[in-house]
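It should be emphasised that the depicted structure is a prediction, and the values quoted were computed from it without experimental measurement. Chain letters run A, B, ... following the sequence lines, proteins first, then strands; residues in each count from 1.
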Protein chains: 2
Amino acid sequence: MATTQVAKVSFKEQMLQAREDAIIQTVNRLLSEKGFDAMTVDEVAASVGIAKASLYKHFPSKEDLAAAAMVKVMQRAQRFLQSLDPEAPPMDKLKAVARWTMEVQLAGQMPSLPSQNSTLRNTLMASREYMDGLMDVSDTLGSWIEAAQAKGLLNPQLPAIAVLYTLYARACDPVLEFLKTGGQHTDAQIVDLVMSTCFDGINAR
Amino acid sequence: MATTQVAKVSFKEQMLQAREDAIIQTVNRLLSEKGFDAMTVDEVAASVGIAKASLYKHFPSKEDLAAAAMVKVMQRAQRFLQSLDPEAPPMDKLKAVARWTMEVQLAGQMPSLPSQNSTLRNTLMASREYMDGLMDVSDTLGSWIEAAQAKGLLNPQLPAIAVLYTLYARACDPVLEFLKTGGQHTDAQIVDLVMSTCFDGINAR
DNA sequence: GTCTATAAATAGATAGAC
DNA sequence: GTCTATCTATTTATAGAC
């Protein structure tokens with residue numbers, strides 16, 4: 001009986017986890033499409049296919065719901081960083097990260113950041129999980145940036161923090177959406193274009 | 001009697017215009033701080049110091065209120081473009097424009113664009129005044145971009161539209177706010193940094 | 001945990017007196 | 001045109017049965 005019960009609980013937990021993953025995936029899509037303020041909890045529930053009250057059993061508030069989605073994205077980023085060959089040149093890894101973030105955005109899975117002073121921002125800043133992930137990612141990228149600057153591959157006159165923010169901003173760059181709406185370029189071409197403007201600038205060389 | 005009446009009307013109209021300007025200035029600030037969705041009409045009314053109902057005598061809806069603010073920004077941009085010396089090199093004018101948009105943003109007077117599919121976007125697209133202004137600005141900047149590319153000063157391999165969008169995006173670049181929050185740089189330094197990353201990229205040369 | 005139904009609060013918009 | 005007071009719809013959140 002004991003083994004059956006254990007198996008049963010494990011199965012239930014798996015189902016629970018799967019549902020929460022589905023919720024968060026939906027939230028990430030909506031956050032990417034319309035942002036936190038325009039996204040409604042009704043929408044999320046309807047899109048996932050469960051009742052709103054059920055949603056609130058999983059997450060205590062809209063802010064926590066969005067925060068959980070942001071944490072998931074941050075974890076995904078951490079996994080991506082860890083998947084890169086530690087022996088690879090830092091500059092290559094930075095370019096791979098920039099490219100990856102743009103691809104995630106074009107896939108509609110990159111939530112637009114709450115740059116304004118919103119309630120979500122407060123929740124995020126209070127989230128240990130999110131902040132730890134952000135710190136970890138920033139530390140890793142920061143070390144790569146400094147290494148690339150030391151090698152003379154990144155402009156050493158720029159503060160590392162400015163480079164870091166510039167890369168972060170590319171993950172939410174509206175230019176990608178603009179160009180996609182234009183319909184004149186494929187996703188791959190759009191990524192290449194923004195990679196070029198990000199690293200080489202718009203000046204001629 | 002006739003002259004008195006005319007003068008009276010003119011004065012009233014001036015007061016009306018002044019009030020509407022004050023409203024729009026407040027709206028621009030709030031749009032810049034929190035975006036369209038998070039901005040409430042109650043806030044606007046309270047900030048201007050008039051009743052909400054009075055606000056609705058001036059503007060028929062929240063969308064129209066925001067649209068009027070965006071039109072004002074667009075007109076301001078048009079005036080700035082016209083203020084530049086027509087004989088100056090196109091590249092110099094483009095840099096002046098980029099710098100100016102960043103300064104406006106740092107001054108808290110640049111509304112964040114409705115990149116998502118929002119009701120505001122529809123209203124803006126339906127606004128002849130806004131769209132005409134946008135077209136005019138885009139045409140002017142586009143011609144300067146092509147001229148700078150022809151002279152080999154801007155990368156001719158980039159589609160002109162990609163350069164245009166890149167410049168537009170700088171006007172709302174979250175990097176400015178990030179760096180400002182960091183508190184390690186003056187506004188002038190921040191503008192210089194982003195000017196550098198925009199035109200020269202983050203690579204070393 | 002999931003549901004239906006509902007509460008409580010908020011936001012956009014309007015009525016009507018002055 | 002400005003105000004107070006109110007309406008209506010929406011939205012976040014919860015109660016309570018199953």
Side-chain angles (χ1 to χ4, degrees), chain A residues 5 8-24 26-27 30-31 33-69 114 116-124, chain B residues 5 8-24 26-27 30-31 33-70 114 116-124 126:
Chain A
Q5 274 189 2
K8 209 171 181 182
V9 168
S10 171
F11 179 72
K12 269 176 84 172
E13 279 178 357
Q14 271 191 17
M15 295 307 296
L16 187 68
Q17 188 60 47
R19 169 145 294 186
E20 294 206 345
D21 285 349
I23 294 172
I24 283 179
T26 295
V27 171
L30 290 174
L31 282 181
E33 282 175 13
K34 25 205 324 182
F36 177 74
D37 294 307
M39 178 187 81
T40 70
V41 179
D42 290 87
E43 254 177 338
V44 176
S47 183
V48 175
I50 64 175
K52 186 164 51 169
S54 306
L55 208 55
Y56 275 96
K57 299 282 183 180
H58 290 277
F59 303 94
S61 73
K62 183 187 175 185
E63 279 78 14
D64 287 285
L65 183 59
Q116 319 98 338
N117 31 332
S118 67
T119 60
L120 175 57
R121 190 177 185 130
N122 297 333
T123 302
L124 281 177
Chain B
Q5 274 189 0
K8 209 171 180 181
V9 169
S10 171
F11 178 72
K12 269 176 84 171
E13 279 178 356
Q14 270 191 18
M15 294 307 296
L16 187 69
Q17 187 60 45
R19 168 145 293 185
E20 294 205 343
D21 284 349
I23 293 172
I24 283 180
T26 295
V27 171
L30 290 174
L31 282 181
E33 283 175 13
K34 29 205 322 183
F36 177 73
D37 294 308
M39 177 186 81
T40 70
V41 179
D42 289 86
E43 254 177 336
V44 176
S47 183
V48 175
I50 64 176
K52 184 162 56 167
S54 305
L55 208 55
Y56 275 96
K57 298 282 183 181
H58 290 277
F59 303 94
S61 74
K62 184 187 176 186
E63 279 78 13
D64 286 285
L65 183 58
M70 304 282 284
Q116 319 97 339
N117 30 331
S118 66
T119 59
L120 175 57
R121 191 175 184 131
N122 297 334
T123 303
L124 281 177

Considering only distance and modelled atom types, tabulate donor-acceptor pairs under 3.5 Å from the side chains of residues 47-56 of chain B, sequence neighbours left out.
{"residue": "B:S47", "atom": "OG", "partner": "B:R29", "partner atom": "NH2", "Å": "2.7"}
{"residue": "B:K52", "atom": "NZ", "partner": "B:D42", "partner atom": "OD1", "Å": "3.3"}
{"residue": "B:K52", "atom": "NZ", "partner": "B:D42", "partner atom": "OD2", "Å": "3.3"}

Next item on the list: For nucleotides 2-18 of chain D, just jot down a letter per nucleotide in 5' to 3' order: B, S or -, based on protein non-hydrogen atoms under 4.0 Å.
Entry: BBB------SBBBB---

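Rounding to the nearest 0.5 Å gives a distance of 10.0 Å between CD of A:E33 and CG of A:L31. Interatomic distance, A:E63 CD to A:L120 CG, rounded to the nearest 0.5 Å: 7.0 Å.
Considering all non-hydrogen atoms of both residues, B:A69 and B:I24 come closest at CA-CG2, 3.8 Å.
With sequence neighbours excluded, no residue satisfies salt bridge (charged side-chain N to carboxylate O under 4.0 Å, His left out) with A:E20. Residues satisfying the side chain to side chain donor-acceptor pair (under 3.5 Å) criterion with A:K62, sequence neighbours excluded, are absent altogether. When the side chain to side chain contact (heavy atoms under 4.5 Å, CB included) test is applied to A:D21, the partners found at least two apart in sequence or on another chain are A:Q17, A:K72.
Taking the C1' atoms of five terminal pairs at each end of the helix from C:dG1-D:dC18 to C:dC18-D:dG1, the two resulting helix axes are inclined by 10°, rounded to 10°.
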